[in-house]
Q: 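Starting off with a structure, shown below.
Ligands are counted one by one from 1 in listed order, and the atoms in each one are counted from 1 as well. The first residue in the sequence is number 1, and the count goes up from there.
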Amino acid sequence: MASHDSSSTVLSLSSPVQQGRLLVVDDEASVRDALCTILRERGYETRGCMSGAAALEVLGQEEFDVMLCDLMMGGMDGIALLRAVQGCDPDLVSILMTGQSSIDSAIEALRVGAFDYVLKPLKMSVLLPVLTRAMEMRRLRTENVHLREAMGMYELSMTVAFSLDAETIVRKMAETVLHSCRADEVGVVLPTAEGEDWRVVMAVGKDREQLVGQATPLEQTVLGWVVRHREPLLLHGAMQLGRYTPVRPRPEISTALAVPLLAGGRVVGVVTANRTQQQRAFTLGDQKAVGILASIAASALTNRQLYHELDLRVQERTAMLTETNRKLQGEIVERQRVEETLRRTEEYFRSLTENASDLIAVAEVGGVLRYVSPSVTQALGYQPEQLVGANGSMLIHPEDLPRVREVGGRLLSTPGASVRLECRAQSADGSFRTLEVVGCNLLHTPPVAGIVLNARDITERKEVERLKEDMVAVVSHELRTPLTSLRGFAELLLNRTFPPEKQREFLTIIHSEAVRLTNLINDFLDIQRLQAGRYVYQFAAVDLRTLLRDAVAVFTSGERTHPVRLEAPDSLPLVYADASSLRQVLTNLLSNAVKFSPHGGKVTVGARPDSTDVRVWVADRGLGIPQEALPKLFDKFYRVENHETRNIGGTGLGLAIVKEIIDAHKGALWVESESGKGSTFFFTLPVCPCALTAC
Ligand code: ADP
């Protein structure tokens, strides 16, 4: 270490106003001391140095505002000292003191960086104003330094604000610390993510990069002290004192600063700064500046950490949402597929229901119809919308209603149960159709939640069944009776010998019974043929009068008990008819008139034109027909059963045949009758169109 004149160091502690710190360098002791004394009296703190080397050593350790330096010195001259000072304290303001003879050198010194020069011998009147200006310059330079520091902080803040990259933040902080403190090296140590190790994450300065990544222990180290105490540590020449164990001994470090990066009272890192090229210690101002930079960086790093965690959470949440979305998409596709299948199934069953010949309906508990399939139009002649909302019981035949209610009650009491019943329902034209109804209680089965009714029109089937039953009854009675009679008389004739007149009597009975059988069988065959549509009508213009006359003639020939008369105008219009079937109509009506007039009586056949028809009637004065029998008179196999008719044979088919034939002619058929007084059967036939035009 170079020696310096320590005796000339004077601290102006008594000075009321601290003008500034002056370093006076002159190898002439008298000049140097005098200057120090005078300037101290002017309020400056002064220190004197006898050589350039001594001055450099002092500048390495202390800070001065202005250096007053002799140009011509032994050893290192003023110019050389100025150059050297630029290296260790570029903000120091230097004033050269020079003799007249070296004025050129003084100008050279200005070029090198001196602020001004004063001529020797020194005059205070000259020096003091220069000194005042030099102090002003120093103040400006210091302000400039503060400005630079502020700029560094500003830049760091901007970096922090716009960068989420930890390395950028740490690097910017390290560089700013390096410049603002005039450090030679800066390092940043951060704990690892697990928090177990502390590692160098940034190292700037000559050959410092290689330290990055190295672990730094906390035990007995400056780092450990700072982390534990959460305070900055400023060291100057104390590294070798044994208080701390240097991780990597560095004797070249003259001064060091370690500042914690504090965020929320927690140490999240440590920034260190070293000076190796200059002896001057870091000041408290340096420490404060680094502290500000460290706190900016610390909060940025913590925010960054928070941001990173937030980002991770956002990423996790995004991944979850993406997955949920993917599943949702899958579910939507699946649901669409299911809906499509359901739609098709629904369409399928709907079309089955709507096109089914059976009538399908859904009813509420009280009988109100909620749905009626379109087949109701075909079955009963209603439009579905006429019945939806109406009570189904209004269609039921009053006679069937109690039974329907009773069965319905049973059905309602058992969820899921089904019942079958037959009932008559009134169709739109007022007639009743027999329905076979299957009801199913689906009140508790969503989505039906109702009574499902499946009805089938069995009117025809019932009719056939009734016909069969009637036929069996007729066959058993009507066929058996003549056959028994035939067989009995035939056996008598075969087994015994009778006189010729008795034989004739028996044979007459056999004949009439055979005729009865023939008629019966013919009636069967006729009605069956007519109803099956197997009979082919030959419609043509028929001369009705001739036809009536011939029919009457049949009933007046031979031994007839009843007078049969024709009452008709001489000329009747031609009718449009099938002559053969018309003959059968007249025969059936005339034979009935005779048959049911057991006590005789006139039978009349009449006819008269009536608008576009011709009305025909057959009247008798026989037994007549009870009122209650009239509605059923034209039904197949219907016969009035009472003591008067008991002995009158018949099949109950004659009038049914008449009705079939008149219907085929699009005519009307009716009867007027009174018990005990006789009956008149009327029918109409359409006048032949040719006859109408002729009129
Ligand atoms: P059938 O004469 O074979 O009994 P129909 O079908 O011709 O059968 O007649 C049905 C029923 O109508 C008869 O059984 C009878 O009771 C009644 N009937 C028909 N015509 C007359 C009539 N002119 N007078 C009284 N009753 C009649």
Side-chain angles (χ1 to χ4, degrees), residues 463 466-467 469-483 512-531 548 551-552 554-555 560-565 567 581-606 616-664 669-683:
E463 181 63 14
R466 197 180 66 79
L467 274 177
E469 283 167 16
D470 289 350
M471 218 165 98
V472 169
V474 167
V475 165
S476 62
H477 181 255
E478 299 302 327
L479 287 185
R480 198 182 281 164
T481 310
L483 276 175
S512 72
E513 289 300 320
V515 168
R516 222 176 117 187
L517 259 180
T518 309
N519 288 339
L520 193 64
I521 289 164
N522 283 340
D523 278 354
F524 275 142
L525 294 176
D526 284 347
I527 189 76
Q528 200 203 5
R529 209 169 51 211
L530 287 169
Q531 289 198 323
L548 294 175
V552 167
V554 171
F555 282 83
R560 298 290 170 176
T561 48
H562 300 74
V564 181
R565 300 276 176 271
E567 292 177 2
S581 61
L582 208 52
R583 251 180 239 117
Q584 188 168 5
V585 167
L586 290 168
T587 303
N588 287 4
L589 293 178
L590 276 168
S591 64
N592 276 350
V594 170
K595 194 163 66 174
F596 294 103
S597 302
H599 311 299
K602 192 173 87 174
V603 173
T604 310
V605 176
V616 183
W617 61 92
V618 176
D620 64 63
R621 293 177 184 167
L623 297 175
I625 302 161
Q627 248 353 76
E628 66 275 10
L630 291 177
K632 292 175 268 182
L633 207 64
F634 297 98
D635 289 357
K636 286 186 280 290
F637 298 110
Y638 182 78
R639 308 194 71 221
V640 176
E641 303 282 357
N642 57 35
H643 68 279
E644 288 179 309
T645 58
R646 192 168 301 136
N647 294 322
I648 302 173
T651 59
L653 290 171
L655 288 180
I657 291 170
V658 169
K659 182 165 176 18
E660 279 290 329
I661 293 169
I662 298 301
D663 282 349
L669 172 69
W670 69 100
V671 61
E672 290 171 4
S673 180
E674 202 178 332
S675 278
K677 293 200 171 169
S679 311
T680 304
F681 286 82
F682 297 89
F683 66 89

Q: Mind checking whether Ile625 has an N or O less than 3.5 Å away from an N or O of ligand 1?
A: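 Checking ligand 1 against Ile625, no N or O pair falls under 3.5 Å apart.
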Q: Quick one: look up the protein heavy atom nearest atom 11 (C) of ligand 1 and list residue, atom name and how far away it is.
A: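 Closest protein heavy atom to atom 11 (C) of ligand 1: Tyr638 O, 3.7 Å.
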Q: Taking the side chain as every heavy atom from C-beta outward, state whether Leu582 and Phe683 have any atom pair closer than 4.5 Å.
A: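 With C-beta onward as the side chain, the pair touches.
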Q: So do Val554 and Thr587 actually touch side chain to side chain, heavy atoms under 4.5 Å?
A: no
Q: If you count the atoms of ligand 1 from 1 in the order shown, which ones are under 4.0 Å from a heavy atom of Ser679?
A: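 So the atoms of ligand 1 that pass are 24 (N), 25 (C).
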Q: Between Asn588 and Leu655, is there a donor-acceptor pair closer than 3.5 Å when you use the side chain of the first and the backbone of the second?
A: no
Q: Less than 4.5 Å apart, any side-chain heavy atom of Thr645 and any of Arg639?
A: no
Q: Are there over 12 heavy-atom neighbours, none belonging to Lys659, within less than 6.0 Å of that residue's NZ?
A: no
Q: Is ligand 1 under 4.0 Å from a heavy atom in the side chain of Phe681, in the backbone, in both, or in neither?
A: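 Side chain only.
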Q: Is Ile625 close to Phe681 at the side-chain level, that is, under 4.5 Å between some pair of heavy atoms?
A: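 Result yes, sub-4.5 Å side-chain heavy-atom pair found.
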Q: Heavy atoms only: which of Val640, Leu655, Asp523 lies closest to atom 5 (P) of ligand 1?
A: Leu655
Q: Working to the nearest 0.5 Å, report the span between OG1 of Thr680 and CD of Glu674.
A: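 Rounded to the nearest 0.5 Å, the OG1-CD separation comes to 10.5 Å.
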Q: Against ligand 1, does Leu653 come closer than 4.0 Å with any heavy atom?
A: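 For ligand 1, residue contact (heavy atoms, under 4.0 Å) with Leu653 is present.
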Q: Could you find the nearest protein heavy atom to atom 23 (N) of ligand 1 and give me its residue, atom name and distance?
A: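 Of every protein heavy atom, Asp620 OD2, 2.8 Å lies nearest to atom 23 (N) of ligand 1.
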Q: Taking both backbone and side-chain atoms of Phe596, is any N or O found less than 3.5 Å from an N or O belonging to ligand 1?
A: no
Q: Measure the distance from atom 3 (O) of ligand 1 to every protein heavy atom, then report the residue, atom name and distance (to 0.1 Å) of the closest one.
A: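 The protein heavy atom lying closest is Thr651 N, 2.7 Å.
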Q: With heavy-atom distances below 4.5 Å as the criterion, would you say the side chains of Leu590 and Val594 are in contact?
A: no
Q: Taking only heavy atoms of Gly624 into account, list the atoms of ligand 1 that are under 4.0 Å away from them.
A: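 Contacts of ligand 1 toward Gly624, numbered from 1: 25 (C).
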Q: Pick from Asn522, Val658, Ile657: which one makes a side-chain contact (heavy atoms from CB on, under 4.5 Å) with Gln584?
A: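 By the side-chain contact (heavy atoms from CB on, under 4.5 Å) criterion, Gln584 pairs with just one of Asn522, Val658, Ile657: Ile657.
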Q: Specify the protein heavy atom at minimum distance from atom 4 (O) of ligand 1: its residue, its atom name, and the distance to 0.1 Å.
A: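 Checked against all protein heavy atoms, atom 4 (O) of ligand 1 sits closest to Arg639 NE, 2.6 Å.
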Q: Quick one: are Phe596 and Ile648 in side-chain contact, heavy atoms under 4.5 Å?
A: yes
Q: If you apply the rule salt bridge (charged side-chain N to carboxylate O under 4.0 Å, His left out), what do you find for Arg466 with Glu469, and how did you get there?
A: CA-CA 5 Å; Arg466 197 180 66 79; Glu469 283 167 16; over 6 Å; no
Q: Checking the N or O distance criterion of under 3.5 Å, is ligand 1 in contact with Asn592?
A: yes
Q: Nearest to atom 17 (C) of ligand 1 by heavy atom, Leu633, Val603, Val594: which?
A: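 Comparing heavy atoms across Leu633, Val603, Val594, the nearest one to atom 17 (C) of ligand 1 lies in Leu633.
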Q: Ser597 near ligand 1, heavy-atom distance under 4.0 Å?
A: no
Q: So is Gly650 polar-close to ligand 1, meaning N/O to N/O under 3.5 Å?
A: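 Between Gly650 and ligand 1 (N or O atoms, distance only) the closest approach is not under 3.5 Å.
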Q: If we only count N/O pairs under 3.5 Å, is Gly652 in contact with ligand 1?
A: yes
Q: Does at least one non-hydrogen atom of Lys595 fall below 4.0 angstrom from an atom of ligand 1?
A: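 True for this residue.
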